[in-house]
Amino acid sequence: MLDRRTLLAATAAASFARAASAQTARARTLRFMPQAALAVLDPIFNPTTIVTTHGYCVFDTLYGADRALRPRPQMAQGHETSADGLTWTIRLREGLFFHDGEPVRAKDCVASIRRWAVRDAFGQVMMGAVAEIAATDDRTLTFRLRRPFPALLDALAKPAASPCFMMPERLAATPADRAITEMVGSGPWTFVPGEFSAGSRAVYARNERYVPRDEPADAAAGGKRVHFDRLELTWIPDGGTAVAALRTGEIDWIEYPLPDLVPVLQRERGITTQVYDPNGFLGFLRFNHLHKPFDDVRVRRAIRDALVQPDFMSAVALEGDWRECHAMFPCGLPGVTEFPAAPRGAAAMDRARAALREAGYNGEPIVHVNPTDFAAVTMQGRVTADLMRRLGVNIQLVEADWATTIARRANRNPPAQGGWNLHNTNFPAAGIANPALSPIIRMHGDRAWFGWPSDAGVEEQVQAWIDAPTAEAQQAAMRRVQDLAWEAVPFAPTGLFRLRTAFRSDLTGVLQGPNPFVWNLRRG
């Protein structure tokens, strides 16, 4: 029988062991707050940034884009190209396994590429050049092309929204217009379904069988080395509460805190801030081209010219972290045309009011869908709503969480039947850098990105850029597609901005790029 002193000693030892175990578990857990709540899990069906972040955890890609947007082998060991450029052969690395224990086979990659290409604009462009994709053995897949397509690897390495993620054939066989729910990939993290709470929390465990590449990590390329046992994506709706949690160490990393709070964090000992992605983000107002009044190009042009970009940019980024960008692609990238800004003030407002009248607008409700929980979008949407009110528009600002907003954004019905007229959002520059990559420049009707614009001239020049036989021809097509798109107005740019990310100073190895990359990280 234990005496009192022995019992107390045993109790103290057990308490110390539990505390030590808790501290060890805490040290081995990475707690990350993303930019928005994770509600949908299929990154092909729903290619938003938060779902892409989740996708990079669970799935891997054949090729990955580095910070300079160059495609680098990832799951691929390498490739060979025939002399005529019509046959590409890609060999898989050894030691690739899915989370269910099955080896990654070439047939899985073929099925994954086909499913991705149905929904992704760059994938659609690529498949226009592809005659056949075949698995010639378990580790080899072959592309046979109708015509040379030098951008094949750029498509497979596509960063940002809708990367070409590899999944088992049985999942990739799911129609692209239906979301998969089983999260089985070959990426550096395994999804823990029993701890998933849609819109609140997602949990991942380190994939013990993952074999990283030997090269250093570089954005979505290189060795994806995981030094934590557990990853928790925790959504905190209130930006102030999230910053308080970072300051106390309850979370390790905020994808991007509210701009107003960044100066506070920059003065805080124990917290580091850095530019999220040096290439920045292009903000824009998307019009629904299916319904009045924005089916009229005169209205779209007038609204574009009435936008005051500094109003939008100062609402989402710090001074010095944004610039005006009157362009169809992110300013500063090669070949981008910057158009003269329209004169601001009363004249621009009068032109917009006149365009609305000429288009037959008579005060009907205009529905603007806007998220409440995505600061870089929320504030831009409210600036738009204020502008519309000043133009005399009967604006209905329909605000909801991000998951609800993107669900409504996909609705093509008239606004009174669950659809919409306007939507603000942004894209990382890396995801819209050229005509093949950018979904928002495309104007191919029902197959276009939300808003569904149509313009045969723009599409002809996109194809000319893709098919250009020389660099000079491609540059000429790039100029023409921008000139035509500026007149057709698939969207109205609101400016180019850079965001700051914030993390505990004992967290090292935070990479820069168009997405947060949850590998290469260590504590201490």
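The first residue of the sequence shown is numbered 1, and numbering continues consecutively from there. Just so it is clear, the structure is predicted and the values come from calculations on it, not from any experiment.
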Begin with the C-alpha distance, continue with both residues' side-chain angles, and end with the deciding distance and a verdict on side chain to side chain donor-acceptor pair (under 3.5 Å) for Tyr276 and Glu255.
CA-CA 8 Å; Tyr276 179 95; Glu255 184 170 351; 2.5 Å; yes

With distance as the sole criterion, is a donor-acceptor pair present between the side chains of Glu232 and Thr234 under 3.5 Å?
no

Quiz question: by atom type and distance under 3.5 Å, do the side chains of Gln74 and Thr61 form a donor-acceptor pair?
no

Geometric cation-pi criterion, Arg304 with Trp486: 6.0 Å, 45°:
yes

Inspect the contact between Arg523 and Asp252 and indicate whether a charged nitrogen and a carboxylate oxygen are less than 4.0 angstrom apart.
yes

By ring pair (Phe, Tyr, Trp, His ring centres under 6.0 Å), which residues pair with Phe32, not counting sequence neighbours?
Trp253

For a quick test of reading the model, state the closest non-hydrogen atom pair linking Gly513 to Asp277 and the distance between them.
O-CB, 3.1 Å

Is Glu215 paired with Arg72 through a side-chain N to carboxylate O contact shorter than 4.0 Å?
no

Pair Thr384, Asn424 - check side chain to side chain donor-acceptor pair (under 3.5 Å), show working.
CA-CA 8 Å; Thr384 295; Asn424 279 91; 2.7 Å; yes

Please verify the inter-ring angle class for Phe294 with Phe287; under 30° counts as parallel, over 60° as perpendicular, anything in between as tilted.
tilted

Quick check on side-chain contact (heavy atoms from CB on, under 4.5 Å): which of His99, His54, Glu182 does Phe191 satisfy it with?
His54

Taking distance alone, no hydrogens or angles, what donor-acceptor pairs closer than 3.5 Å link side-chain atoms of residues 321-330 to residues at least two apart or in another chain?
unit_1, atom_1, unit_2, atom_2, d
Asp321, OD1, Arg500, NH2, 3.1
Asp321, OD2, Arg500, NE, 2.9
Asp321, OD2, Arg500, NH2, 3.4
Arg323, NH2, Glu338, OE1, 2.7
Arg323, NH2, Glu338, OE2, 3.0
Glu324, OE1, His326, NE2, 2.8
Glu324, OE1, Arg344, NH2, 2.4
Glu324, OE2, Arg344, NH2, 2.6
His326, ND1, Gln309, NE2, 3.3

Which word best sums up how the rings of Phe165 and Phe59 line up, parallel for under 30°, tilted for 30 to 60°, or perpendicular for over 60°?
tilted

Taking Phe281 as the fixed residue, which of Leu499, Thr49, Thr425 is the one that meets the side-chain contact (heavy atoms from CB on, under 4.5 Å) rule?
Leu499

For Arg351 and Ile303, indicate whether the former's side chain and the latter's backbone hold a donor-acceptor pair under 3.5 Å.
no

Can you tell me which residue among Tyr56, Phe228, Tyr210 is in a side-chain contact (heavy atoms from CB on, under 4.5 Å) with Trp189?
Phe228

Considering the options Thr190, Leu30, Val226, which one meets the side-chain contact (heavy atoms from CB on, under 4.5 Å) requirement together with Arg206?
Val226

Tell me every residue that passes ring pair (Phe, Tyr, Trp, His ring centres under 6.0 Å) with Phe312, counting only those two or more places apart in sequence or in another chain.
none

Are the charged groups of Asp386 and Arg382 less than 4.0 angstrom apart, N to O?
no

Does any part of the side chain of Val393, heavy atoms only, come nearer than 4.5 Å to the side chain of Leu356, both counted from C-beta?
yes

Take Trp449 and Phe427 through the test ring pair (Phe, Tyr, Trp, His ring centres under 6.0 Å) and record every step on the way to the result.
CA-CA 12 Å; Trp449 197 73; Phe427 257 82; 5.5 Å; yes

